[in-house]
*Asks:* 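Please read through the structure below; I'll follow up with questions.
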Amino acid sequence: MNQKTGNDFSTNNMKLLEERLRRYEDEVGQISNKSTLIDRVSYLRKKRENDVSKAIINIEDSMNFDLCFVLDCTCSMSRYIEATKEHILKVASYVNSHNSNIKFWVGFCGYRDHDDHIDRLQIFVFTNSLEKFKTYITNKVMAKGGGDTPEDVLGGLNAAITEMTWSNATRILIHIGDAPPHGRRFTNLIDNYPNGDPNGLTAESVLKKMKLNKILYYFGKINNSTDVMLNVFREIIGEFPVFDLMNMGYNPEVLVDKFCKATSSAIFSSITLTTTLRNSKSIYSLQQKKLQINPHEPDWTSHPEKIGKLLCRIPPRTLAEVKDEYYFINSSFIEQDIFFKLAPQPFSVGAEQYAYFALDTSLGQANKLVIKKHHDIKIGTIERYLESVEIFNIAYFFSTKFNIAAERVGINKKVTFINVKILYDEIDNTYYSVEKYINNAEFKKFNVNSGLITEFHSILEAFAHFTYKYTEGYLVIYDLQGADLHNEFLLTDPVIHCIDLLRFGITNLGKGGIQKCFLAKHKCNNICKKLKLNDDLLEGRCYENGIGVEKDIKKAFELYQQSAEELKKT
């Protein structure tokens, strides 16, 4: 092992700064290489402010959503029709309990079969009155009809997509059925229309319209007869969530509870996707990538051992170091040789990264790792991975401060962040971020950088508030996700909203993110009160109104200019 000081890295300072600026320039269009460093920084800050303003408008729009239930309404589906009616008010109560800014529009499209003629399709257009929706399902929708095994699935989906007015940014279609569409492509069971839909609809034509309309598809699986249909759909649009509604018995409460969880999950994931990936092409591109993942750990004996280097950095020790954007460039690094094995396929894919199983074989024993690689990143590019390590180290700094303060007031459950390092593959000239694999832990997303709370925990919301207070409005750490263990929250991949928009990557929504994605939505809880954060939030409104923020931005920019001029001389 070999420790290098900041001075040892001084010759690389300009290169690292250039890479950071180039990353932002790639997002906004390249600027002439003849521009001075100061001109580039000034231009990028202004451009980032404009981009963030647009992003926050998109976030606010994404909180309004259309939710359409597409249901098989033949005789076998009476229990599911009843559950659709009963669960909608419970879903609204749960979703809005910590997200009062979310607005619902809900609609319904029921389908039966071609021989049911005028009763084949039944549509209830979108309404923001959940009571009207419930009344309609109660009084107007009955389980009846059907003949052969397949039903008019494609007709129902097509009607929902084309005959309903989808107007909100987030668009969700939840399809629940116990039978496949017509045609030998989908089933070998008794079928009055073995050549497919008699009206000429195909899965490709229907799902293409769904993609063009930016509608996100979810399916509630009741039995195995729809498995072939789901595989055909995946070939067309990629992977999508399938909710398990099988083996529910005849207990209506259990079924309603399942419906509530499935619908709430669909709402939260759809809003997150719409916020993060702002067009249908990106969303469905991500779904196609999910088809390439392999969730199973490989047989490591058949994979070669690779050699690389681990690069980690010493966390900041003071708030001044946290606020110094050049601390990251000039701080100490520790370099270590590593032998490792890497799975050939990712086990997971998100909006930004692939995740791979890996093994650290350096010490003669196999320690499991998770290696993450950014989508479409140039070979040999390190900047985005340095950014991940910087975010981790700053989050780690605040978690230690928070845990000390929380323990003093009798809160013993800790907030911990998984250590992130950079891995350089010397053979392939490729960088990754790497972290320890957590065994037997269910991964959850607790909140999102847009301010959406998907699973409320008072400790985590208080932690975010704590970071705002501790830094006097300079930053907020959010987008908290990971494992909820007995004595700690073990977290990974947080986001930092910071008033300096040239730090912490494109997920940093700056002053606007602090104001609109956190302050405007945060409600102080019992832990905030124990830590006396609630009074500070009121005092801190000067930051929300821009008084303290502008002063800090000016100071940060002056420091940036001064440091940049010093770097030009090295």
*Asks:* Using the ring of each side chain (for Trp, its six-membered ring), is F240 parallel, tilted or perpendicular to F233, with breaks at 30° and 60°?
*Replies:* tilted
*Asks:* Give a yes or no on this: more than 12 heavy atoms of other residues, nucleotides or ligands lie within 6.0 Å of atom NZ of K90.
*Replies:* no
*Asks:* For the residue pair F357 and F347, is the inter-centroid distance of their aromatic rings smaller than 6.0 Å?
*Replies:* yes
*Asks:* Please find the pair of heavy atoms, one from A262 and one from F243, that lie closest to each other, and give the distance.
*Replies:* O-CZ, 3.2 Å
*Asks:* Less than 4.5 Å apart, any side-chain heavy atom of Y94 and any of H87?
*Replies:* no
*Asks:* Would you give the length of the straight line joining atom CG of L154 to atom OG1 of T202, rounded to the nearest 0.5 angstrom?
*Replies:* 7.5 Å
*Asks:* Hey, do the aromatic rings of F446 and F489 have their centres closer than 6.0 Å?
*Replies:* yes
*Asks:* Evaluate H374 against E387 for side-chain contact (heavy atoms from CB on, under 4.5 Å), listing each step before the verdict.
*Replies:* CA-CA 12 Å; H374 283 277; E387 188 176 89; over 6 Å; no
*Asks:* Tell me whether K85 at atom NZ has more than 12 heavy atoms from other residues, nucleotides or ligands lying less than 6.0 Å away.
*Replies:* yes
*Asks:* Any carboxylate oxygen within less than 4.0 angstrom of a Lys/Arg side-chain nitrogen, looking at E352 and K372?
*Replies:* no
*Asks:* Out of D152, D115, N199, which one pairs with Y193 under the side-chain hydrogen bond (donor to acceptor under 3.5 Å, both in side chains) rule?
*Replies:* D115
*Asks:* Between H497 and Y478, does the side chain to side chain donor-acceptor pair (under 3.5 Å) criterion hold? Intermediate values first, please.
*Replies:* CA-CA 8 Å; H497 293 315; Y478 217 57; over 6 Å; no
*Asks:* Who are the side-chain contact (heavy atoms from CB on, under 4.5 Å) partners of N128, not counting sequence neighbours?
*Replies:* W105
*Asks:* Okay, side chain of R112, backbone of G145: is any donor-acceptor separation there less than 3.5 Å?
*Replies:* no
*Asks:* Below 4.5 Å, heavy atoms only, C-beta onward: do F219 and T226 meet side chain to side chain?
*Replies:* yes
*Asks:* First locate atom CD of E461, then atom CG of L480, and finally report the distance between them rounded to the nearest 0.5 Å.
*Replies:* 7.5 Å
*Asks:* Report the relative orientation of the aromatic rings in Y432 and Y356; use parallel for angles under 30°, tilted for 30 to 60°, perpendicular for over 60°.
*Replies:* perpendicular
*Asks:* Does any part of the side chain of S450, heavy atoms only, come nearer than 4.5 Å to the side chain of M63, both counted from C-beta?
*Replies:* yes
*Asks:* Classify the side-chain pair S269/Y218 by whether it contains a donor and acceptor separated by less than 3.5 Å.
*Replies:* yes
*Asks:* Check whether any side-chain heavy atom of Y136 lies under 4.5 Å from a side-chain heavy atom of Q122, and answer yes or no.
*Replies:* yes
*Asks:* Enter the distance from T170:OG1 to D66:CG here, rounded to the nearest 0.5 Å.
*Replies:* 8.5 Å
*Asks:* Using the six-membered ring wherever Trp is involved, compare the ring planes of Y468 and F518 and label them parallel, tilted or perpendicular (cut-offs 30° and 60°).
*Replies:* tilted
*Asks:* After noting the C-alpha distance and the side-chain angles of D178 and S76, does the key distance pass the side chain to side chain donor-acceptor pair (under 3.5 Å) rule?
*Replies:* CA-CA 8 Å; D178 64 355; S76 59; 2.5 Å; yes
*Asks:* Enumerate, atom names and distances included, each donor-acceptor pair closer than 3.5 Å involving a side-chain atom of residues 181-188, sequence neighbours excluded.
*Replies:*
unit_1: H182; atom_1: ND1; unit_2: D191; atom_2: OD1; d: 2.6
unit_1: H182; atom_1: NE2; unit_2: D113; atom_2: OD1; d: 2.7
unit_1: H182; atom_1: NE2; unit_2: D113; atom_2: OD2; d: 3.3
unit_1: R184; atom_1: NH1; unit_2: T187; atom_2: O; d: 3.2
unit_1: R184; atom_1: NH1; unit_2: L189; atom_2: O; d: 3.1
unit_1: R185; atom_1: NH1; unit_2: E204; atom_2: OE1; d: 3.0
unit_1: R185; atom_1: NH1; unit_2: E204; atom_2: OE2; d: 3.4
unit_1: R185; atom_1: NH2; unit_2: E204; atom_2: OE2; d: 2.5
unit_1: T187; atom_1: OG1; unit_2: L189; atom_2: N; d: 3.0

*Asks:* Check this for me, if you would: do R234 and E239 make a salt bridge, where the nitrogen-to-carboxylate-oxygen distance has to be below 4.0 angstrom?
*Replies:* yes
*Asks:* Between I137 and F124, is any pair of side-chain heavy atoms under 4.5 Å apart?
*Replies:* no
